[in-house]
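Notes to accompany the following structure.
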Amino acid sequence: QDTTVIGVSIPAATHGWAGGMNFHAQEAVDRLEETYPELDFVLATASDPAKQVNDIEDMVAARGIDALVVLPFESEPLTGPVKNVADNGAWVTVVDRGLSEEGIEDLYVAGDNPGFGRVSGEYFADKMPDGGKIVVLRGIPTTIDNERVEGFQSAIDGSGIEVLGMEHGNWNRDDSFTVMQDFLSKYPEIDAVWASDDDMAVGALAAIEQAGREDVQFVLGGAGMKEMIKRVMDGDEMIPADVTYPPSMIATAIELTALNFVSNAPVSGEFVIGSVLITPENAENFYYPDSPF
Amino acid sequence: MTVPATATVASPEPHSAPAALALRAVYKSFGPVQILFDIDFDLRPGEVHALIGENGAGKSTTMKILAGYLSATSGSVELDGHPVSFVNSEQAEDQGVVMIHQEFNLAEQLSVEQNIFLGREIRKGLFLDKTAMRTKTRELLQRLNCDVDPDARVMDISVPDKQMVEIAKALSRKARVLIMDEPTAVLTNRESEVLFEQVDRLRAEGTAILFTSHKLDEVARIADRITIMRDGHRIMTKSAADLTQDQMAEAMVGRELSNLFPPKTGADADQPVLEVTDLEVPGFVAHASFHLRKGEILGFAGLIGSGRTELMEGVVGLRSHRGNIKINGQDIEINGLSDAKRAGVAYLTEDRKSRGLLLDKGMRENLTLLSLEKFTTGLIDRKSEEAALDKSINDFDIRAPTREVLVGNLSGGNQQKLLIAKTMLSEPEVVIIDEPTRGIDIGTKQQIYEFIHTLAQAGKSIIVISSEMSEVIGLADRVVVMRSGRIVGEVEGNDVNEETIVRLAMGLEGEQQGHE
Amino acid sequence: MSDTVSVKPASNRASPFLDLHILGPILALIVLVVIGALMNPNFLSYANITNVLARSAFIGIIAVGMTFVITAGGLDLSVGSMAAFIAGLMILVMNALLPAMGSGVGVILVGMLTALVAGLLAGGLNGFLITHMRIEAFIVTLGSMGIYRSLVTWLADGGTLSLDFGLREIYGPVYYGGLFGISWPIIIFALVAIIGEVVMRHTAFGRHCAAIGSNEKVARYSAVHVGRVRMATYVLLGILVGVATIMYVPRLGSASSATGVLWELEAIAAVIIGGTVLKGGFGRVWGTVIGVLILSLIGNILNLTDMVSPYLNGAIQGVIIVLAVVLQRDKKAEG
Amino acid sequence: MSDTVSVKPASNRASPFLDLHILGPILALIVLVVIGALMNPNFLSYANITNVLARSAFIGIIAVGMTFVITAGGLDLSVGSMAAFIAGLMILVMNALLPAMGSGVGVILVGMLTALVAGLLAGGLNGFLITHMRIEAFIVTLGSMGIYRSLVTWLADGGTLSLDFGLREIYGPVYYGGLFGISWPIIIFALVAIIGEVVMRHTAFGRHCAAIGSNEKVARYSAVHVGRVRMATYVLLGILVGVATIMYVPRLGSASSATGVLWELEAIAAVIIGGTVLKGGFGRVWGTVIGVLILSLIGNILNLTDMVSPYLNGAIQGVIIVLAVVLQRDKKAEG
Ligand SMILES: Nc1ncnc2c1ncn2[C@@H]1O[C@H](COP(=O)(O)OP(=O)(O)OP(=O)(O)O)[C@@H](O)[C@H]1O
Ligand SMILES: Nc1ncnc2c1ncn2[C@@H]1O[C@H](COP(=O)(O)OP(=O)(O)OP(=O)(O)O)[C@@H](O)[C@H]1O
Ligand SMILES: [Mg+2]
Ligand SMILES: [Mg+2]
């Protein structure tokens with residue numbers, strides 16, 4: 001029996017979530033290669049969209065992939081190259097970020113970025129019925145970040161919540177620590193922080209703790225980092241909740257793709273992994289102490 | 001119309017021939033320091049004019065103003081009787097005024113041919129005509145009896161060759177006025193003679209030539225008129241025929257000069273301080289053996305390229321070498337200059353610009369760099385550094401416009417004095433001096449000879465390498481002669497004379513050492 | 001007569017060091033090609049070779065310009081973000097003209113012109129600040145690196161600027177098409193490299209760059225227009241960034257703040273791997289081309305084989321870069 | 001003797017150019033402080049000043065080391081990833097020792113020692129390749145930059161390495177605590193800066209660095225151990241990276257591949273803004289300190305005020321960096 005080659009192309013681990021995603025991809029690949037000797041995986045990580053296109057070209061030209069699992073760095077630039085792969089007859093699985101042209105992929109495993117923002121925003125509106133002053137830490141300037149923030153803003157619309165300031169913390173602990181320190185200097189009263197990411201929440205919490213500010217009631221991160229979920233579970237007042245955006249969706253996508261080649265199960269279609277609010281009540285279901293993220 | 005080389009222009013007064021290039025009431029200052037005072041000067045077509053004076057008198061500065069490299073603070077430059085203000089040297093060059101600088105003005109990483117035609121490349125359409133340039137380069141160099149490869153990088157050629165390249169570069173620019181700042185400082189008599197033949201030719205073609213030199217015999221040999229400067233003032237301009245070398249020296253220095261060389265006293269004892277046996281510096285020197293006695297001045301003579309510099313750089317560990325070196329009878333390993341320093345051996349390089357001094361630093365930093373440990377007890381003692389600088393300025397008569405001047409802005413001769421001071425500060429037992437008086441005025445030369453003599457009398461041992469035959473003969477108790485990387489002979493006592501040495505150096509006599 | 005002297009005073013120096021210095025990068029390239037071919041039979045396939053060459057074109061074209069800048073003793077850290085900014089600008093201009101001019105070659109041509117003019121201006125600005133305001137090139141271009149990167153983020157509102165799909169169809173062949181089976185980026189890269197090599201070696205401009213980098217004062221004293229030549233190197237580099245962008249936009253059809261990240265380091269690395277001296281005074285364009293190919297090949301080979309862990313790619317890349325230069329390291333001339 | 005010897009006994013040398021060259025960075029810093037104070041009353045608050053100074057400490061400590069490297073004519077692009085790697089290593093070591101040694105000061109001390117030793121070795125490796133293998137510093141450190149970055153990603157399995165919570169409690173005060181209301185990072189930074197300044201200006205080592213950067217050959221002919229001194233600059237920088245890491249880890253208790261990204265550029269920029277010459281030969285540590293403060297302040301001020309768009313932060317940063325250097329640009333000496 002011929003081996004089937006599956007290419008996996010993902011962005012490099014430049015921030016926490018991507019790091020988790022890298023881990024899950026690697027782990028899925030190792031596991032599947034062991035289980036199915038007839039499957040051969042090629043895993044490449046890219047530091048920018050152009051490099052990702054290179055990777056995909058190489059997979060086609062030199063590795064003759066039968067399927068591609070891709071988490072596009074950005075939708076626009078990857079659309080053409082992925083389309084070429086599909087046109088060559090290979091199976092295409094797109095993860096998280098949809099391509100800008102419909103119908104290219106055979107399988108779409110997606111996170112829901114506007115939904116992520118919306119769930120977060122609704123939580124704020126819920127938690128602060130009388131309104132309040134909040135600051136927002138944004139991620140690396142990208143479409144993803146824009147979608148999340150838009151979702152968030154429309155959800156808090158009319159709730160009386162005032163956004164004092166937004167700055168980019170770049171999904172980075174150090175950057176968000178710095179930005180939060182400066183927010184705390186700038187605004188004498190902050191009721192809550194939407195850190196929009198668990199890594200950024202770590203930085204923001206450290207800054208708040210250092211400043212000893214009692215006015216900040218809570219910080220909402222996102223993505224479901226295990227330390228954060230643990231704190232939610234433990235009823236930490238500063239971290240009353242979290243919003244999922246599981247990096248393990250890449251593993252799901254890889255497994256489904258593999259399944260397509262080793263079984264007869266129909267796997268094409270669209271799998272949207274919605275963002276869920278994690279609260280102390282349900283936190284246990286999301287806690288994986290062995291995961292690195 | 002040609003002017004015969006020997007017949008000098010009758011009257012030094014300005015109205016005889018129109019000046020090609022002239023200065024009128026020129027003053028120049030750098031910042032608060034006044035360098036030139038009221039200089040009036042003219043240079044006529046078809047004459048060779050020598051500008052002489054002590055180190056720091058302002059010769060180079062005068063020349064740079066003439067050639068458009070510097071602008072005068074006040075006063076004017078006149079070309080063919082009309083005031084001009086060259087904004088830069090390029091404009092001056094367009095008018096046929098070309099200058100060869102005292103310091104090398106060559107881009108080290110470029111080839112000889114690229115340097116000669118830099119900024120004046122010959123083109124064929126859009127592209128360079130390399131064949132033409134190479135041919136012309138070869139021609140120019142041939143005229144100067146110089147056989148460097150036009151494609152050699154300047155960084156790989158020897159100092160005298162660089163000077164020849166500079167001269168070739170100037171010749172290639174079709175000068176009406178050629179200004180040369182100490183062109184012969186790094187040349188031997190033979191090479192200088194080649195240059196003077198070219199000068200004679202240019203003079204015959206009507207070119208106006210201005211040059212400086214501290215070798216007064218050359219001045220007497222080639223100049224038609226002589227201008228003497230002292231401390232930024234023009235002292236006199238006279239026809240060369242009216243001045244003897246002694247008069248020149250006196251007018252420059254402002255006092256009478258006694259005998260140039262102090263009397264020889266010979267070595268203290270037979271006891272050798274430094275013994276070198278069978279030293280090899282790969283690629284340059286083979287089978288060199290010599291010894292140096294306590295209190296002795298040992299001369300090293302030879303033609304340029306005979307390997308004297310390389311031999312000594314090998315001895316002090318600046319070049320890798322094989323062979324045996326003994327100091328005071330003890331074998332020692334010298335793998336770097338610091339080993340030599342520890343053993344009390346100091347070496348003064350012949351190449352002050354690129355190996356001797358940090359041109360973008362001040363005098364103090366340069367002076368103490370070699371012997372910094374003397375000034376350091378944990379931290380550097382700035383006060384004693386300053387004191388050392390005071391002493392050196394005094395001892396070596398270093399003339400600087402200000403104490404903080406960057407060494408690159410010192411006059412060439414004063415740089416050389418600073419370099420000597422730096423080497424001496426390490427208080428060596430054995431001093432190897434390579435071309436000690438390059439670019440040094442005659443008055444100071446005498447001081448330096450005196451200084452070397454005093455050192456020897458104080459029991460230090462000294463090696464002097466010099467391409468000035470008179471220097472070796474005048475100073476040394478004993479002379480070792482090298483040729484093509486080998487020691488070919490040694491003369492002592494009455495044999496220390498020009499003829500014997502030249503015969504050895506040129507391979508007309510003597511056998512090779514270490515040739516079994 | 002004693003003519004048994006074994007010591008040759010320099011002159012005819014076909015020193016083996018010089019040869020290694022020249023052969024170094026070529027050797028490294030050959031070694032890489034051999035490794036690649038051994039590791040994967042498809043490595044030498046037409047498709048793979050074409051891919052590698054075509055994608056080298058962006059950095060390659062920029063690196064040729066960088067060779068001149070570095071040879072003249074300068075540096076430009078802004079090229080990556082400049083490329084991103086120009087790409088964004090180009091896309092905006094083309095999209096804006098679409099309604100008026102219709103989807104056609106005309107819009108593309110205007111877009112290309114925009115890229116060239118923007119490159120010229122951006123390079124000119126760098127050059128102006130460096131030559132006329134006399135600010136350290138490192139600082140000027142570090143500053144403009146931040147500025148262009150910000151501007152493109154701002155133009156794209158934090159997201160991605162995308163070229164209209166219709167235009168992409170028309171423009172696409174500029175990256176994907178070609179002549180006689182050779183794709184356009186390869187052709188343009190080759191042209192730029194050849195012209196660059198000729199300019200460096202056979203024109204006064206090339207010599208003047210080396211002279212300025214070697215010793216600015218000497219150049220000035222030799223009637224070289226130092227300011228003008230140095231300015232020209234930055235303008236040239238800017239224009240070449242424009243050319244690279246013209247090739248880049250049809251490939252991905254978009255620009256964002258992630259476009260061209262670290263291109264500057266890659267371009268400078270290629271230049272130095274190729275044997276050009278970082279402090280200026282000596283440059284060779286063909287070396288740069290080889291440097292670019294070495295860098296692309298490393299990435300390609302890592303993709304072609306199953307290395308230990310993709311996390312370690314960067315480490316392997318680093319080791320190979322250093323090794324490639326070891327081959328041609330400067331045996332310090334003594335003395 | 002003609003007694004016109006013009007050497008004046010020291011002192012009155014108030015050339016205005018020199019002064020501006022010296023005052024430049026200070027002036028820029030003052031202008032920034034004034035702007036900051038005008039824009040936000042909290043700018044001069046104790047908390048804000050402390051924040052800015054403490055967060056400057058990492059880059060600052062590294063930049064002091066970088067000043068020596070650059071003064072001696074070198075360069076080090078690897079410091080950012082070196083810091084990330086050392087931080088990761090430190091965390092791994094401390095976590096690993098925890099079961100054996102128990103949660104206590106002992107583990108922290110071993111961690112600190114690890115950081116210093118790792119810094120020393122990493123700097124030594126760079127130095128060895130540069131001085132003994134004679135590879136261009138740019139290439140060596142570009143290579144090691146990739147290597148360390150990869151290694152930390154690999155150590156962290158792509159994610160984040162986190163220090164045990166118990167240890168974090170004990171270690172935390174090293175960043176958050178202090179003496180007499182001055183936090184430790186500020187104290188250490190000040191110490192490193194003062195010692196650095198003294199070493200640069202008042203010791204043979206500082207002199208030798210400048211001499212080597214100014215003209216390596218002259219240094220060699222002046223019995224300076226060129227290789228040894230150059231090596232020492234890289235080792236020193238490595239150790240200082242270790243020190244910076246010791247301060248960094250207690251802040252957030254974690255390290256990942258995102259740690260220390262672009263620190264190298266920031267450190268080099270600080271050095272040059274401070275007036276050290278990129279090509280070597282002249283360096284001043286106090287200038288570097290001011291450069292670091294300028295860079296931190298720009299970020300701080302941008303965060304404290306409501307600028308047009310956060311997307312444009314980078315642009316404003318770029319403009320200010322260039323302006324800060326305009327103030328001290330080199331008025332070319334005549335002749
Ligand atoms: N750029 C400068 N800045 C400050 N002082 C300078 C500068 N250039 C020259 N000087 C000073 O001007 C004086 C005259 O120097 P100049 O080079 O003209 O002397 P010189 O007669 O050529 O001496 P030498 O025989 O030693 O070459 C010296 O004291 C020198 O230090
Ligand atoms: N860096 C170098 N690269 C190649 N050749 C060199 C280098 N330095 C010197 N040479 C050559 O070595 C030979 C000897 O050098 P040099 O001229 O210094 O000898 P020397 O006997 O000391 O003469 P002098 O002291 O009179 O100049 C020359 O032929 C010179 O061209
Ligand atoms: Mg002079
Ligand atoms: Mg010599």
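Just so it is clear, the model here is predicted, and its values are computed rather than measured. Quick note on labels: first sequence line is chain A, next is B, and so on, each numbered from 1.
- With a 6.0 Å cutoff to the six-membered ring centre and a 45° limit on the axis angle, A:R148 counts as a cation-pi contact of A:Y245.
- For C:N40, the part sitting under 4.5 Å from any heavy atom of chain A is the side chain, from C-beta outward, and nothing else.
- For A:F41, the part lying near chain C is the backbone, with the side chain staying farther off; criterion is any non-hydrogen pair under 4.5 Å.
- With a 4.5 angstrom heavy-atom cutoff, A:E57 touches chain C via backbone and side-chain atoms both.
- Relative ring orientation between A:W194 and A:F152 is described as parallel, the plane-to-plane angle staying below 30° on a 0-90° scale split at 30° and 60°.
- Between the side chains of C:S162 and A:E76, at least one donor N or O lies within less than 3.5 Å of an accepting N or O.
- The residue among C:G253, C:A258, C:P41 with the most heavy atom pairs within less than 4.5 Å of chain A is C:A258.
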**Prompt:** Step by step, would you call A:T79 with A:E101 a side chain to side chain donor-acceptor pair (under 3.5 Å)?
**Reply:** CA-CA 7 Å; A:T79 300; A:E101 205 179 307; over 6 Å; no
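- If you measure heavy-atom distances from C:F165 to chain A, the contacts under 4.5 Å come from the side chain alone.
- Of the atoms belonging to C:T160, heavy atoms from both backbone and side chain fall under 4.5 Å from chain A.
- For the options A:D48, A:T45, A:I140, A:D55, heavy-atom pairs under 4.5 Å to chain C are most numerous at A:D55.
- Within the 4.5 angstrom heavy-atom criterion, atoms from both the backbone and the side chain of A:D58 approach chain C.
- For C:Y46, no part lies near chain A; criterion is any non-hydrogen pair under 4.5 Å.
- You'll find the side chain of C:L297 reaches within 4.5 Å of the side chain of C:F43, heavy atoms only.
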**Request:** For the pair C:N48 and C:N300, evaluate side chain to side chain donor-acceptor pair (under 3.5 Å) and give the outcome as yes or no after the intermediate values.
**Result:** CA-CA 9 Å; C:N48 191 53; C:N300 183 243; 3.1 Å; yes
